[in-house]
Amino acid sequence: MKIGMLTSGGDCQGLNAALRGVAKTLYNELGDKVTLYGIRDGYRGLIEGDYHEMNSRDFSDILTVGGTILGTSRQPFKEMTKAAEDSEETKLEKMLKTVKEAKFDCLVILGGNGTHKTANLLSEHGVNVVTLPKTIDNDLWGTEMTFGFQSAVDIATTVIDAIHSTAFSHSRVFIVETMGHKAGWLTLYAGIASGADIIVIPEIPYSAEKIADAIKRREKGGKRFSILAVAEGAVSQEEAKMSKKEFKAAREKMPYPSISYRLADELAALTGHEIRVTIPGHYQRGGAPCPADRLLTTRLGVAAAQLIRDGRFGNMVAVQDDRIVPVPLSEVAGKLKTVPPDSDIVQAARDLGLSMGD
Ligand code: F6P
């Protein structure tokens, strides 16, 4: 059996651990009946036929290594069915050609939302595909947890923890901007875990006035500082009423490098305080996976290998009720898992007295 493996989209912690989980299980269960190939830089390698044979040594000592040994790239789904720059063929046709020429019996694809749309497209075109859910955003439909998420929560939490001490010393208001354009899972989890006072996520549009009120209430209660955990995709209540086109135009004109700087200015005007902004950025995606992600990727990797062994293609391995289960790619592709504003965890934050910025 010839199996091609690729990692696609933004990287995260645990990609190598997941590859190792798949490879070790396949070598263990199928022995020399299986040959693994590494496809370089995600779908780019599949489009250009850039792949190489691997062996069991390649998967040793990578459990704790950050990034991806295969490299990754972003290849937008909407371009898959358009002709590639250098030929008449579409990227999809090129990928199908590579699968045929390499005689891949199956592809193992590790990725997030965009990656899954393309994985589903390949599956619809007859390619045997098994996928694993990766992203620090935890916004993949069909699984309660994606790998990378818990490591990113650890990092964002550590950042907000550290900000607490300096905020206390100087009696300051701080904004820590965490990753997450469309989904606020990372901000919500790290915000609660680190004891942030105000949490702003894309799913709950904010009012600068309400946030300023929350800061003032804390001051009246004798608190020396306030810390806001703000998702990079946060939107104001005014923006939430705009059409997609209006929103895009308004954001293009926004004279700030990110939403947190605009919010900082608004809050400075409303509270009279100087507001400091800290952005950990890609730091949240780097370094070793946390133990919880090592465990999760290993379980997902084993399950993916078993699906391949049993010929159950066209599935993503997912977490549901703490069990690893297959979910059809057709059900996953194109759907986003955002934070339900009425979820228990949001309610818990509110019950604790946190402001959700609304
Ligand atoms: O999807 C993962 C993610 O890390 C998002 O949280 C973030 O908005 C985006 O990728 C950053 O993308 P890039 O690495 O292309 O800057």
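When a ligand or atom number is given, it counts from 1 through the structure's own listing order.
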Looking at [X], which atoms of ligand 1 are within less than 4.0 Å of one of its heavy atoms?
| X | result |
| --- | --- |
| His181 | 8 (O) |
| His282 | 13 (P), 14 (O), 16 (O) |
| Asp137 | 1 (O), 2 (C), 3 (C), 5 (C), 6 (O) |
| Gly180 | 6 (O) |
| Ile136 | 4 (O) |
| Glu232 | 5 (C), 6 (O), 7 (C), 8 (O) |

Any side chain to side chain donor-acceptor pair (under 3.5 Å) involving residues 326-345? Give me the pairs, sequence neighbours left out, ordered by first then second residue. Asn138-Lys337
Does a donor on one side chain sit under 3.5 Å from an acceptor on the other, for [X] and [Y]?
| X | Y | result |
| --- | --- | --- |
| Arg218 | Ser226 | yes |
| Ser258 | Glu177 | yes |
| Thr135 | Thr146 | no |

What protein heavy atom lies closest to atom 15 (O) of ligand 1? Include the residue and the distance to one decimal. Arg74 NE, 3.0 Å
Specify the protein heavy atom at minimum distance from atom 4 (O) of ligand 1: its residue, its atom name, and the distance to 0.1 Å. Arg285 NH1, 2.9 Å
Can you get from Phe77 to Leu329 by hopping between Ile, Leu, Val, Met, Phe, Trp and Tyr side chains that sit under 4.5 Å apart? yes
Verify the neighbour count for atom CD of Glu124: are there more than 12 heavy atoms of other residues, nucleotides or ligands below 6.0 Å? yes
